[in-house]
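Quick notes on the structure that follows.
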Protein chains: 2
Amino acid sequence: MMPVNDTKTALLNSAENAARTLGIDGFSYADLAKDVGIRKASIHHHFPSKAILSTALMQRYRQNFEAVCAEIDADFATGGARLSELIDQYRAGSNGGKRLCLCTSFSANRDSLSDDVIEQISLFRAMVIDWATKAFDTGRTDGSIQGVVDPALEASAALSLLEGAQLAARAAGNPQFFEDALELLTKRMST
Amino acid sequence: MMPVNDTKTALLNSAENAARTLGIDGFSYADLAKDVGIRKASIHHHFPSKAILSTALMQRYRQNFEAVCAEIDADFATGGARLSELIDQYRAGSNGGKRLCLCTSFSANRDSLSDDVIEQISLFRAMVIDWATKAFDTGRTDGSIQGVVDPALEASAALSLLEGAQLAARAAGNPQFFEDALELLTKRMST
DNA sequence: GTCTATATTCAGATAGAC
DNA sequence: GTCTATCTGAATATAGAC
């Protein structure tokens, strides 16, 4: 990753990692300040409240992920290859059982979130399910995914499976839980 | 549910519901005290620390769930019927998108948990996966579940799917997310 | 076993100087 | 934009009377 001399971006990067590792309530402005190297009062200049920070985090995360999905479409032609890339994204995001997808992490602490973040979470899931539905549909047509009957239901199931697998791996601190949960789905894909 | 005149049990019931609805950090001893009708200092007599309370919660939850699984085995003969009952358990536990399985909820806030609770979580997942593996194996033999090749991998995937589906439904406050995610799996079962 | 009272710590947030 | 200093509230936890 590029070195960051933009304080706001540095704060977002630090906060995203903390949120995905510890949860939104698992880090404080004091932690953030120490990590970025400024005083905690200064953070309020960039993000007046933690609710605003959370919304900015989720918004950036969603946009980045949308860009990743578009890039996958550009780089891979078959549905099976695309879905395999999505699984790889979640595998990498899991970081050996130490992190969660930001959407999963936020979903788990729904009570301490503003309505704005809830809305961002819904947009994220809708976006991923929509993208995956198309990938499953493509995979059914080109024969690169076995046994696809209903692409939309496959997409819903795949997203829940990915999120649940990250959660199980993180709880145990063991990436093998992710691999076990994903193996059957992975086996249905060819490139 | 029976009326409770045992303070310790009343505390466990209130805490379990709060933990599954709001997360372990989403409620305080003050909330618990108000709900049960005693002062918060009194709670420390029964559960000296929140870590101890969390461990007791997870232990009781695991034992109860183990008993439920045993009862399912006694009441239903086929693998398909047994798995369908497990899905119903998670559907009911989701409570229309308002709650999570305690294991899922705790997994999401792993950082604020003691090692004892982490251990209990592992035991819970191992127990459910073991039970579901046998159910898938039975379903493969008796023909009540379609397309079973590897019962253990099916069990791992099913648990992650169930937990992820609860999480998605809760994030949106909409039980339909659970139904969408589980529909393909459910369709594979006959009784 | 439950109470009142209090200790301690830490969170998010604000005021105002530089 | 960043700082020091401070406010306010809430959390877990303890001491000791009843």
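Lettering of chains follows the sequences in order, A, B, ..., and the numbering in each one begins at 1.
Taking the six-membered ring where the residue is Trp, Tyr90(B) and Phe65(B) present perpendicular rings, their angle passing 60° and hence far from 30°.
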Exercise for the section: Report, as a single string ordered 5' to 3', how protein heavy atoms within less than 4.0 Å touch nucleotides 11-18 of chain C: B base, S sugar-phosphate only, - not at all. Expected result: SBBB----
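Leu184(A) and Met189(A) fall into different hydrophobic clusters, defined by Ile, Leu, Val, Met, Phe, Trp and Tyr side-chain heavy atoms under 4.5 Å apart, directly or through other members. Residue Leu102(A) is grouped with residue Leu86(A) when hydrophobic side chains (ILVMFWY) are merged at heavy-atom distances under 4.5 angstrom, including chains of intermediate members. Criterion: ILVMFWY side-chain heavy atoms under 4.5 Å apart, direct or through other members. Under it, Phe106(A) and Leu53(A) are part of a common hydrophobic cluster.
Atoms CD1 (Ile52(B)) and C1' (dA13(D)) sit 12 Å apart, rounded to a whole Å. If you take CG of Leu53(B) and C1' of dA11(D), they are 15 Å apart, rounded to a whole angstrom. Rounded to a whole Å, the CD1 atom of Ile38(A) is 8 Å from the C1' atom of dT2(D). One interatomic measurement links the two molecules: CD1 of Ile43(A) to C1' of dT4(D), which rounds to 15 Å at whole-angstrom precision. In this structure, CG of Leu32(B) is placed 16 Å from C1' of dA10(D), rounded to the nearest angstrom. If you measure from atom NE2 of His45(A) to atom P of dT4(D), you get 16 Å, rounded to the nearest angstrom. Regarding Leu11(B), its CG atom lies at a distance of 12 Å from the P atom of dG1(C), rounded to whole Å. Remark: P of dG1(C) and NE2 of His46(B) are 6 Å apart, rounded to the nearest angstrom.
Between the side chains of Ser144(B) and Asp142(B), at least one donor N or O lies within less than 3.5 Å of an accepting N or O.
For the pair Ser42(A) and dG1(D), the criterion of a side-chain N or O lying under 4.0 Å from OP1 or OP2 is not met. Contact annotation: Thr7(B) side-chain N/O to dT2(C) OP1/OP2 distance is under 4.0 Å.
When each of Glu183(B), Glu85(B), Glu179(B) is tested with Arg91(B) by the rule salt bridge (charged side-chain N to carboxylate O under 4.0 Å, His left out), just one qualifies, namely Glu179(B).
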